[in-house]
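Keep in mind the model is a prediction, meaning the values are calculated, not measured.
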Amino acid sequence: MKPVDFDHTVPETLDAAIGALEAGGEVRLLGGGQSLGPMLNLRLARPARLVDVGGLDDLRSATATDEHVEIGAGVTHADIEDGAVPDPIPGMLPYVASGIAYRAVRNRGTLGGSLCHADPAADWISVMTALDARVVTAASDGGREIDMFTFMPGAYRTALAPGELVRAVRVPRFSEGAVWGYHKTCRKVGEFAIAIGVFVADPAKAYCRVVFGAAAGAPLVSPTLASLIAETGQVPDLAAIERGLDTLDPTLSEVKARQLAVALRRAVAGAIE
């Protein structure tokens, strides 16, 4: 199949892009097109107009301060994989980026596009939740910051308002002593994940977070398991992880709970051991 007819707008500035979004009608932003392109071809998305922001320099930059790293929404997975942007936690972002789909996809797909698509099985949704990142938006009123707990209320849904777009992702800096683990289970290399486990700990900041991804909706965050790992310094057994999962989402099937538990256990083991 091919897309329905649509107008293609290529704004030259971020303000022009916001204006095009606010013009009304069924409008979709186009960044790398790695998610939207197939949806258009399958006619799952039928916008009257595409606003192409892939060439905006305002969305392609990355800056760093002593407190955080701000990565533009238009930065590609390949940019992150290749170390073209500062890494707020040693080695984590390039590692995650290198496992996203295939290099051809990573060359075009963007950080902001992945977050806005809000697929529960996508990598960056879970990782940015584990890193306590904040989404920085742009709008005619100046924009705002949205924490990751609020940004994705459910599968394929975001907290973005009409006329609002993601400008960047702000990730706190972690110390050199921070440890992390990331594991995803896929049927084959390049596919979306069946289960994701993310673990981040930074003793210098008294920070520890456990995240399960590729669940039914938004990532599942377990303060209970994080506290257990921080207190014991050990990898929890599968039974303990599954008990923690049951308190987060008792509707998970036994198979899904085991998949998520195994992914998380491997992530923690990779960080600790």
J.: Give a yes or no on whether a salt bridge exists between D79 and R106, defined as a side-chain N under 4.0 angstrom from a carboxylate O.
T.: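 No, this pair does not count.
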
J.: Go through the steps to decide whether L93 and H77 satisfy the test side chain to side chain contact (heavy atoms under 4.5 Å, CB included), and finish with yes or no.
T.: CA-CA 9 Å; L93 298 193; H77 311 313; over 6 Å; no

J.: Answer whether the closest heavy-atom distance between the side chains of E81 and T76 falls below 4.5 Å.
T.: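 The answer is no; the side chains never approach within 4.5 Å.
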
J.: Among R134, R167, R173, which residue meets the salt bridge (Lys or Arg N to Asp or Glu O under 4.0 Å) test with E70?
T.: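 Result: among R134, R167, R173, R167 is the only option passing the salt bridge (Lys or Arg N to Asp or Glu O under 4.0 Å) with E70.
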
J.: Tell me the closest heavy-atom pair linking P86 and A62, and the distance in Å.
T.: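 Nearest heavy atoms, P86 then A62: CD-CB, 3.9 Å.
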
J.: Minimum heavy-atom separation for I125 and P219, please, with both atom names.
T.: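 Heavy atoms only, the tightest pair is CG2-CG, 3.2 Å.
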
J.: Shared ILVMFWY cluster between V221 and I196, side chains joined below 4.5 angstrom?
T.: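 Looking at the clustering, I196 is in the same group as V221.
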
J.: Looking at every non-hydrogen atom in both residues, tell me the closest pair between A261 and E242 and how far apart they are.
T.: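 In this case the closest contact between A261 and E242 is CB-CG, 3.7 Å.
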
J.: Grab the two heavy atoms, one from P153 and one from A159, that are nearest each other, plus how far apart they are.
T.: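 The answer is CD-N, 4.0 Å.
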
J.: Can any side-chain N or O of D246 pair as donor or acceptor with the backbone N or O of R243 at less than 3.5 Å?
T.: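 A pair under 3.5 Å: no.
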
J.: Indicate the atoms forming the closest heavy-atom contact of A73 with V166, along with that distance.
T.: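 Shortest heavy-atom contact: CB-O, 3.3 Å.
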
J.: Under a 4.0 Å threshold between the charged nitrogen and the carboxylate oxygen, would D82 count as salt-bridged to R103?
T.: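 Judged by the 4.0 Å cut-off on N to carboxylate O distance, R103 and D82 do form a salt bridge.
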
J.: Determine whether the side chains of Y182 and D123 contain a donor N or O and an acceptor N or O closer than 3.5 Å.
T.: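 Indeed, the side chains of Y182 and D123 share at least one donor-acceptor pair under 3.5 Å.
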
J.: Ignoring hydrogens and geometry, is there a side-chain-to-backbone donor-acceptor pair from R43 to K2 under 3.5 Å?
T.: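 Side chain of R43 to backbone of K2: a pair is present.
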
J.: Once rounded to the nearest 0.5 Å, what's the spacing between atom CG of D237 and atom CD1 of I241?
T.: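 These two atoms lie 7.5 Å from each other.
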
J.: Any side-chain heavy atom of E145 sitting closer than 4.5 Å to one from D147?
T.: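 No. Closest side-chain heavy atoms not under 4.5 Å.
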
J.: Under a 4.5 Å cut-off applied to non-hydrogen side-chain atoms, are F199 and C208 in contact?
T.: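 Yes, their side chains come closer than 4.5 Å.
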
J.: Hey, are the side chains of E176 and P90 touching, using non-hydrogen atoms and a 4.5 Å cut-off?
T.: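 In short, these two side chains touch, coming nearer than 4.5 Å.
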
J.: Quick check: does any side chain N or O of S114 sit under 3.5 Å from a backbone N or O of L111, one acting as donor and the other as acceptor?
T.: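 It does not hold such a pair.
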
J.: So do the side chains of M92 and V198 get within less than 4.5 Å of each other, counting heavy atoms only?
T.: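 Contact flag for M92/V198 side chains = yes.
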
J.: Any side-chain heavy atom of L245 sitting closer than 4.5 Å to one from F212?
T.: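 In contact.
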
J.: Looking only at the side chains, is there a donor atom on one of T185 and Q259 sitting less than 3.5 Å from an acceptor on the other?
T.: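 No pair is found: no donor N or O on one side chain lies under 3.5 Å from an acceptor on the other.
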
J.: Are side-chain heavy atoms of L165 and T137 found at a separation under 4.5 Å?
T.: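 In short, these two side chains do not touch, never coming nearer than 4.5 Å.
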
J.: Give the cluster check for L115 versus L21: same hydrophobic cluster or not, with ILVMFWY residues linked at side-chain heavy-atom distances below 4.5 Å.
T.: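 Unlinked, L115 and L21 end up in two clusters.
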
J.: Is there a path of hydrophobic side-chain contacts, each under 4.5 Å between heavy atoms of I/L/V/M/F/W/Y residues, joining V4 to V27?
T.: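 Shared cluster, no.
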
J.: Could you grab the distance from atom CG of L238 to atom CG of L260, nearest 0.5 Å is fine?
T.: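 Here the interatomic distance stands at 11.5 Å.
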
J.: Using the side chain to side chain contact (heavy atoms under 4.5 Å, CB included) rule, take L220 and D249 through it: C-alpha gap first, then chi angles, then the decisive distance, then the call.
T.: CA-CA 8 Å; L220 302 175; D249 186 353; 4.2 Å; yes

J.: Closer than 3.5 angstrom, by distance alone: can the side chain of R209 be matched with the main-chain N or O of T129 as a donor-acceptor pair?
T.: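 Side chain of R209 to backbone of T129: a pair is present.
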
J.: Check whether any side-chain N or O of T232 sits under 3.5 Å from a backbone N or O of L228 as a donor-acceptor pair, and report yes or no.
T.: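 Such a contact is found between T232 side chain and L228 backbone.
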
J.: Between W180 and F174, is the ring centroid distance below 6.0 Å?
T.: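 No: the rings miss the under 6.0 Å criterion.
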
J.: Answer yes or no: is there a donor N or O on one side and an acceptor on the other, between the side chain of R157 and the main chain of F151, under 3.5 Å?
T.: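 Such a contact is absent between R157 side chain and F151 backbone.
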
J.: Going through the distances and angles, do L50 and T9 end up as a side chain to side chain contact (heavy atoms under 4.5 Å, CB included)?
T.: CA-CA 6 Å; L50 288 184; T9 300; over 6 Å; no

J.: Going from CG on L160 to CD1 on I146, what distance comes out if it is rounded to the nearest 0.5 angstrom?
T.: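 Here the rounded value is 5.5 Å.
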
J.: Which is it for V51 and L30 under the side chain to side chain contact (heavy atoms under 4.5 Å, CB included) test, yes or no, and what are the steps along the way?
T.: CA-CA 6 Å; V51 178; L30 175 66; over 6 Å; no

J.: Does the pair R46/E26 count as a salt bridge with the N-to-O cut at 4.0 Å?
T.: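 Not counted as a salt bridge, because no side-chain N and carboxylate O are separated by less than 4.0 Å.
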
J.: Taking the side chain as C-beta and beyond, is there a heavy-atom pair between L59 and V53 under 4.5 Å?
T.: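 Side chain of L59 against side chain of V53, heavy atoms only: contact under 4.5 Å found.
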
J.: Rounded to the nearest 0.5 Å, how far does OG1 of T251 lie from NZ of K256?
T.: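 Reported to 0.5 Å precision, the distance equals 11.0 Å.
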
J.: Using modelled atom types only, decide if a donor and an acceptor are shared between the side chain of E164 and the backbone of A161 within a distance under 3.5 Å.
T.: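 Yes.
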
J.: Are F192 and I194 in one and the same hydrophobic cluster, where Ile, Leu, Val, Met, Phe, Trp and Tyr link if side-chain heavy atoms are under 4.5 Å apart?
T.: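 No, it is not one cluster - the side chains of F192 and I194 are not joined through contacts under 4.5 Å.
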
J.: Quick one: closest heavy-atom pair of A216 and P120, and the distance?
T.: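 Nearest heavy atoms, A216 then P120: O-CG, 3.9 Å.
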
J.: Answer yes if V127 and L225 sit in the same cluster of Ile, Leu, Val, Met, Phe, Trp and Tyr residues linked by side chain heavy atoms under 4.5 Å apart, and no otherwise.
T.: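 No, V127 and L225 fall in different hydrophobic clusters.
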
J.: At what distance, to the nearest 0.5 angstrom, does CZ of R266 lie from NZ of K184?
T.: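 R266 atom CZ to K184 atom NZ measures 14.5 Å (nearest 0.5 Å).
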
J.: So, the side chain of Y102 versus the backbone of V189: is there a donor-acceptor pair under 3.5 Å, distance only?
T.: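 Yes, Y102 side chain to V189 backbone: donor-acceptor pair under 3.5 Å.
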
